[in-house]
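Written out below as structure tokens is the structure these notes cover.
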There are 2 protein chains.
Amino acid sequence: MSDVAKVAGVSHQTVSRVVNGHPNVREETVARVRHAISELGYHPNSTARALVTRRTNVLGALAVDTTLFGPSQTLAGIEQAAREAGYFLSIVSADDPSPDGVAEAMDHLVQQSVEGCVAIAPQRELVHALAALPGPRPLVAVEGGEGAGFPVAGVDQEQGARDAVRHLLDLGHRTVHHISGRSDWLEAEARVHGWREELRAAGRTVTEPLPGDWSPRSGYELGRRLAELRAEGEEVTAVFVANDQMAVGVLKALHEAGLGVPGDVSVVGFDDIPEAAYLTPALTTVAQDFTRVGTAALELLLGALDAPSADAPADRTVPAVLRVRDSSAPPPA
Amino acid sequence: MSDVAKVAGVSHQTVSRVVNGHPNVREETVARVRHAISELGYHPNSTARALVTRRTNVLGALAVDTTLFGPSQTLAGIEQAAREAGYFLSIVSADDPSPDGVAEAMDHLVQQSVEGCVAIAPQRELVHALAALPGPRPLVAVEGGEGAGFPVAGVDQEQGARDAVRHLLDLGHRTVHHISGRSDWLEAEARVHGWREELRAAGRTVTEPLPGDWSPRSGYELGRRLAELRAEGEEVTAVFVANDQMAVGVLKALHEAGLGVPGDVSVVGFDDIPEAAYLTPALTTVAQDFTRVGTAALELLLGALDAPSADAPADRTVPAVLRVRDSSAPPPA
DNA sequence: CTGAAAGCGCTTACAG
DNA sequence: CTGAAAGCGCTTACAG
């Protein structure tokens with residue numbers, strides 16, 4: 001900056017003024033300074049600026065298992081929103097949702113003096129660990145479940161699950177089986193809950209959920225189990241699968257068992273991954289708008305940054321939307 | 001820090017010494033300082049430190065379309081490797097590979113004073129834009145293609161493609177059709193090249209590649225085209241599809257056309273997405289180890305950081321590995 | 001083993 | 001409209 005000042009023949013604070021667009025600088029001076037800046041290829045040192053303004057302009061993001069579709073999409077949404085708001089985004093992943101793992105990850109963010117943080121926190125354990133930590137504040141959670149002391153942005157999982165079940169019931173199925181996600185995930189729990197409640201509200205039998213782990217493999221195994229149940233005489237005509245990846249496995253298992261979808265069994269997934277519409281049969285599923293969730297989370301964070309004292313910031317819930325395709329139909333006559 | 005010094009009854013630079021683990025501090029002093037630190041919940045200000053050491057400890061990552069499996073996996077690999085190396089990772093995405101879009105994204109990184117940058121640069125245009133930019137340096141590219149002036153880490157796309165074709169040829173197919181990826185992507189080009197060369201080396205007919213765009217939808221459309229070609233009398237017994245998502249669409253199109261896989265047509269994909277093994281039939285594909293690519297990219301960057309003068313840093317190539325499953329078999333008799 | 005001094009590159013009042 | 005001064009919170013030689 002002092003080099004620029006020298007070349008332009010002004011003091012370094014005049015340079016600062018033009019860099020920061022302050023008024024009260026003669027036009028000709030501005031021009032001279034700008035010229036010197038581009039001539040020297042000068043870039044303001046963000047570190048020095050941050051030191052004096054006490055604003056780093058960086059936000060932190062805690063990411064989890066990005067091999068999963070949802071988390072990786074959400075992260076992209078957050079990044080985009082952060083950049084639009086003029087912030088830098090520093091990410092750290094927590095492969096390990098234990099208190100220690102989370103503490104280490106958050107410490108990384110704290111060390112960096114982030115101004116705030118959004119945590120993708122789909123697991124119950126992770127949310128608890130986050131709440132217990134001094135960590136960076138303000139903090140907003142994505143898919144985190146309420147009551148942990150920070151605002152939450154997420155998709156209305158329960159509504160999505162209810163819509164899926166209702167769709168199947170409307171088709172004429174007497175009940176709907178469920179293959180659930182990892183039990184430590186809040187989303188898995190919310191979908192189980194929505195599924196169960198919709199069934200109860202309709203006065204239908206509620207079977208035991210088959211516990212999956214989100215992976216195609218577990219979907220496959222549980223799909224086989226479903227076929228066995230059917231072979232044993234249980235009425236299995238429809239299944240709501242907690243995510244599309246498992247649904248892929250279910251489709252395969254059912255096919256191998258000689259069961260037609262949707263002829264014998266209807267299948268509904270969750271997520272609407274890009275492949276969903278091109279599976280055989282095209283998968284009926286519940287779409288989540290992860291980009292909107294990311295944007296909503298960032299709005300919440302920005303709000304907290306603007307008004308740190310505001311108590312009880314409202315959560316943000318994005319609706320889930322059912323997309324009916326070819327894997328669901330009326331039950332066999 | 002001065003508060004800590006006061007509480008511990010030492011000067012602030014002694015505090016600095018214990019924080020930075022310098023030798024030559026009396027044990028008892030260290031203990032007193034540590035005590036004061038934890039009592040006050042003190043965290044060193046990374047900004048102030050960065051200002052004086054001239055090291056921000058942050059690395060930048062340029063990400064592209066993270067809805068795609070590969071890029072999002074690679075990013076995760078980079079993040080992990082960066083953290084292990086003690087760096088922070090700031091990400092910025094370039095949805096737009098044009099010079100302007102890239103310039104804006106890289107500028108964001110420059111403003112942040114990153115010490116180096118790894119760019120996921122799968123498109124030719126993006127690589128050129130990167131090379132033309134003053135941008136942050138050192139810079140290493142992932143999947144970027146050589147000759148742009150910075151080291152590159154990536155999977156051996158050509159070898160992967162050749163392996164896929166060889167596998168099909170060994171099965172007895174006379175030739176192999178190809179559904180390619182987005183033509184502006186270097187990986188798409190490398191796979192086309194590998195496919196073509198392997199066919200040529202074996203003296204087989206090289207058909208015109210069918211140009212896809214990576215999406216399941218384009219796979220579906222091109223799969224239909226393939227079925228038409230076959231109906232018109234062309235010998236279509238095997239197809240190498242440039243990624244698994246398109247292969248999903250191809251499988252659907254073939255199925256709808258009444259063509260069996262692998263009975264009538266063998267299909268081989270690329271990527272080995274989690275769903276691949278659970279499609280019907282389980283997809284033979286070429287796996288890429290994105291985590292290793294991310295790690296390799298970071299090693300390259302760290303090397304460049306250590307020895308900025310080292311000329312012609314070697315590129316790093318990770319082998320692709322063919323995974324034979326159920327979608328490939330000998331041609332119909 | 002420990003402290004006084006200088007300085008990293010900026011911005012923010014304060015003068016003029 | 002513009003400059004001299006102080007200070008953000010650290011680290012790095014330099015003394016002692």
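For the numbers below, each heavy atom of this structure counts, side chains included, while hydrogens, waters and symmetry mates do not. Keep in mind that this is a model prediction, so the values were computed, not measured. A, B, ... follow the sequence lines: proteins, then strands. Residue 1 opens every chain.
Taking atom CZ on A:Arg32 and atom C1' on D:dC1, their separation rounds to 12 Å, with Å as the unit. Going from atom CG of B:Asn24 over to atom C1' of D:dA15 covers 15 Å, rounded to whole Å.
Among residues two or more places apart in sequence or in another chain, the side-chain hydrogen bond (donor to acceptor under 3.5 Å, both in side chains) test is passed with B:Ser98 by B:Asp96. A search for side chain to side chain contact (heavy atoms under 4.5 Å, CB included) contacts involving A:Ala296 returns A:Ala153, A:Arg316, not counting sequence neighbours. Residues meeting the side-chain hydrogen bond (donor to acceptor under 3.5 Å, both in side chains) test with B:Glu143, sequence neighbours left out: B:Gln157. For A:Asn24, the side chain to side chain contact (heavy atoms under 4.5 Å, CB included) criterion is met by no residue, not counting sequence neighbours.
Between A:Val140 and A:Phe150 the shortest side-chain heavy-atom distance does not fall below 4.5 Å.
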Legend entry - Secondary-structure notation, DNA chain C, from Watson-Crick and G-U pairs under 3.5 angstrom (| other strand): |||.||||||||.|||

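How far OG of A:Ser93 is from CD1 of B:Ile78: 12.0 Å, rounded to the nearest 0.5 Å.
Here A:Thr14 reaches the OP1 or OP2 of D:dG3: one of its side-chain N or O atoms lies under 4.0 Å away.
Candidate nucleotides C:dT2, C:dG3, D:dT2 were compared by shortest atom distance to the side chain of A:Arg26, and D:dT2 ranks first.
Around atom NE2 of B:His22, more than 12 heavy atoms belonging to other residues, nucleotides or ligands sit under 6.0 Å away.
Minimum heavy-atom separation, B:Asp156 to B:Thr317: CB-CG2, 3.4 Å.
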Please list, for nucleotides 7-11 of chain C, all pairs of protein and nucleotide N/O atoms separated by less than 3.5 Å.
| from | atom 1 | to | atom 2 | distance (Å) |
| --- | --- | --- | --- | --- |
| C:dC8 | O3' | B:Arg54 | NH2 | 2.6 |
| C:dG9 | OP1 | B:Arg54 | NH1 | 3.2 |
| C:dG9 | OP1 | B:Arg54 | NH2 | 2.3 |
| C:dG9 | N2 | A:Ala48 | O | 3.3 |
| C:dC10 | OP1 | A:Tyr42 | OH | 2.7 |
| C:dC10 | OP1 | A:Asn45 | N | 3.2 |
| C:dC10 | O5' | A:Tyr42 | OH | 3.4 |
| C:dC10 | O5' | A:Asn45 | N | 3.4 |
| C:dT11 | OP1 | A:Asn20 | OD1 | 3.3 |
| C:dT11 | OP1 | A:Asn20 | ND2 | 2.8 |
| C:dT11 | OP1 | A:Arg49 | NE | 2.9 |
| C:dT11 | OP1 | A:Arg49 | NH2 | 3.3 |
| C:dT11 | OP2 | A:Ser16 | OG | 2.4 |
| C:dT11 | OP2 | A:Asn20 | ND2 | 3.3 |
| C:dT11 | O4 | A:His12 | NE2 | 3.2 |

